[in-house]
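As the structure lists them, so they are numbered: ligands from 1, and atoms in each ligand from 1.
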Amino acid sequence: MRDLLLLAGTAEARALAAEFAGIPEVRPLASFAGVTADPAAFSIPTRSGGFGGVEGLAAFLRTLEQPILIDATHPFAKQMQLNAAEAAALTKAPRLRVLRPPWPSRPSWIAVPDLQAAADALPGGARVLLTTGRKDIAPFAARADLDCTLRTIEPVPGLPPHITPVIERPPYRLAAETRLLGQGFTHLVTKNAGGTGTAKLDAAEALRLTTIVVSRPPPPPAPIAETVGEAVAWLRQIVANGP
Ligand code: NAP
């Protein structure tokens, strides 16, 4: 029996966890950062909270039996994906990054390297829907000349008056996104998360809004699986061949 540590926080992590039931050679444990107060139930045992950097994660892996590490954190979980790669290298644990492909660019998009560049690209007076996440609002909070709406899964305390919160959980449907963005918005700001959640992109395009898309951080070293199916195939091969 081998221990499998799954770094979670995405739909892929959830789907992978369900697949582990069919691989009896591994004993899985899913890890969450602990930032969501009310995470939905998971099909395998879970733990919560940071490990304490690369050394902390390496120390955790050393407590496990022949550990395997699957990093299915969000494509923008820049620190965690690096920590996972380094800790796996230190402990010689096999490691896989699960990384769905980014959305292909569209003509109505402005691609920017980071959130500050996204804020800089917005003209004064713009009415903006921000879907970038709650820890990424500082560059927009500094722009009191914008009229922003911030959509998050959980409330964000201390927003300035020019940022109006909207609390909503996915999935977001095209009709609802079109209704929301049709209320006088001029811009959509999003990270290039990839995946099936494209309704906001489709709605913004149909309404002829400008979409500002933050590009991804560089990927970690291989191996990388783009889909849950690829990740399962990798895992089966590791389990069959070791180490
Ligand atoms: P991050 O900046 O890459 O990581 C910051 C720190 O959070 C890490 O150094 C680690 O702390 C801890 N951490 C992150 N993921 C963890 C996990 N699965 N288990 C245990 N500790 C974890 O990550 P982030 O962007 O803040 O994302 C945090 C979580 O939210 C991730 O699980 C990610 O999948 C999810 N998420 C992120 C986004 C996004 O846009 N960034 C969107 C949706 C979901 P230590 O160094 O102490 O180990």
Whether R47 side chain and G49 backbone form a donor-acceptor pair below 3.5 Å
yes
Look at atom 48 (O) of ligand 1 and say which protein heavy atom is nearest, naming residue and atom and giving the distance to 0.1 Å.
F51 N, 2.7 Å
For the backbone of A193 and the side chain of R100, can you confirm whether one donor and one acceptor N or O come within less than 3.5 Å of each other?
yes
Is there a donor-acceptor contact under 3.5 Å from the side chain of H162 to the main chain of D145?
no
The atoms of ligand 1 lying under 4.0 Å from a heavy atom of F76, numbered in the order shown, are 25 (O), 40 (O), 41 (N)
Do any nitrogen or oxygen atoms of A77 lie less than 3.5 angstrom from nitrogen or oxygen atoms of ligand 1?
yes
Okay, side chain of E12, backbone of E226: is any donor-acceptor separation there less than 3.5 Å?
no
Nearest non-hydrogen contact to atom 35 (C) of ligand 1 from the set G133, G34, G9, G52 belongs to G9
May I ask you to list the atoms of ligand 1 that are less than 4.0 angstrom from any heavy atom of N83?
9 (O), 46 (O)
Between ligand 1 and L57, can you find any atom pair, the residue atom being a heavy atom, that is separated by under 4.0 Å?
no
So if I count the atoms of ligand 1 from 1 in the order they appear, which ones are less than 4.0 Å from some heavy atom of S31?
17 (C), 18 (N), 19 (N), 20 (C)
Note the single closest protein heavy atom to atom 29 (C) of ligand 1, along with its residue, its atom name and the distance in Å.
A33 CB, 3.7 Å
Quick test: of every protein heavy atom, which one is nearest to atom 5 (C) of ligand 1, and how far off is it to 0.1 Å?
Q79 CB, 4.2 Å
From the list R95, K78, R97, salt bridge (Lys or Arg N to Asp or Glu O under 4.0 Å) partner of D71 resolves to R97
Does A13 have a heavy atom less than 4.0 Å from any atom of ligand 1?
no
Verify, without hydrogens or angle tests, whether T131 (side chain) and V189 (backbone) share a donor-acceptor contact under 3.5 angstrom.
yes
Atoms of ligand 1, numbered as shown, that sit under 4.0 Å from any heavy atom of K191:
39 (C), 40 (O), 41 (N)
So the atoms of ligand 1 within less than 4.0 Å of a heavy atom of G53 turn out to be 45 (P), 46 (O), 47 (O), 48 (O)
Should V35 be counted as touching ligand 1, given the test is an N or O pair under 3.5 Å?
no
Can you sort out which atoms of ligand 1 are near G50, meaning under 4.0 Å from one of its heavy atoms?
11 (O), 21 (N), 45 (P), 47 (O), 48 (O)
Starting from atom 24 (P) of ligand 1, what is the nearest protein heavy atom, named by residue and atom, and what distance separates them?
K135 NZ, 3.4 Å
Just let me know how K78 lines up against ligand 1, side chain, backbone, both or neither, with a heavy-atom cut-off below 4.0 Å.
backbone
Could you tell me the residue and atom name of the protein heavy atom closest to atom 3 (O) of ligand 1, and the distance to it rounded to 0.1 Å?
M80 N, 2.8 Å
Say whether, by atom type as modelled, one donor and one acceptor occur between the side chain of T198 and the main chain of L201 under 3.5 angstrom.
no
Ligand 1 versus A8, non-hydrogen atoms closer than 4.0 Å: side chain, backbone, both, neither?
backbone
Closer than 4.0 angstrom, basic N to acidic O: yes or no for R151 and E177?
yes
Any donor-acceptor N/O pair, T10 side chain to A13 backbone, under 3.5 Å
yes
Taking N192 for its side chain and W103 for its backbone only, find out whether a donor-acceptor pair lies under 3.5 Å.
yes
Donor-acceptor pair, side chain of T132 and main chain of K191, under 3.5 angstrom
no
Kindly indicate whether atom 42 (C) of ligand 1 is approached by any protein heavy atom to under 4.0 angstrom.
yes
Side chain to side chain donor-acceptor pair (under 3.5 Å) for S43 and R14? Distances and angles first, verdict last.
CA-CA 8 Å; S43 61; R14 179 169 297 279; over 6 Å; no
Starting from atom 38 (C) of ligand 1, locate the nearest protein heavy atom and write down its residue, its atom name and how far away it is, to 0.1 Å.
H74 CG, 3.3 Å
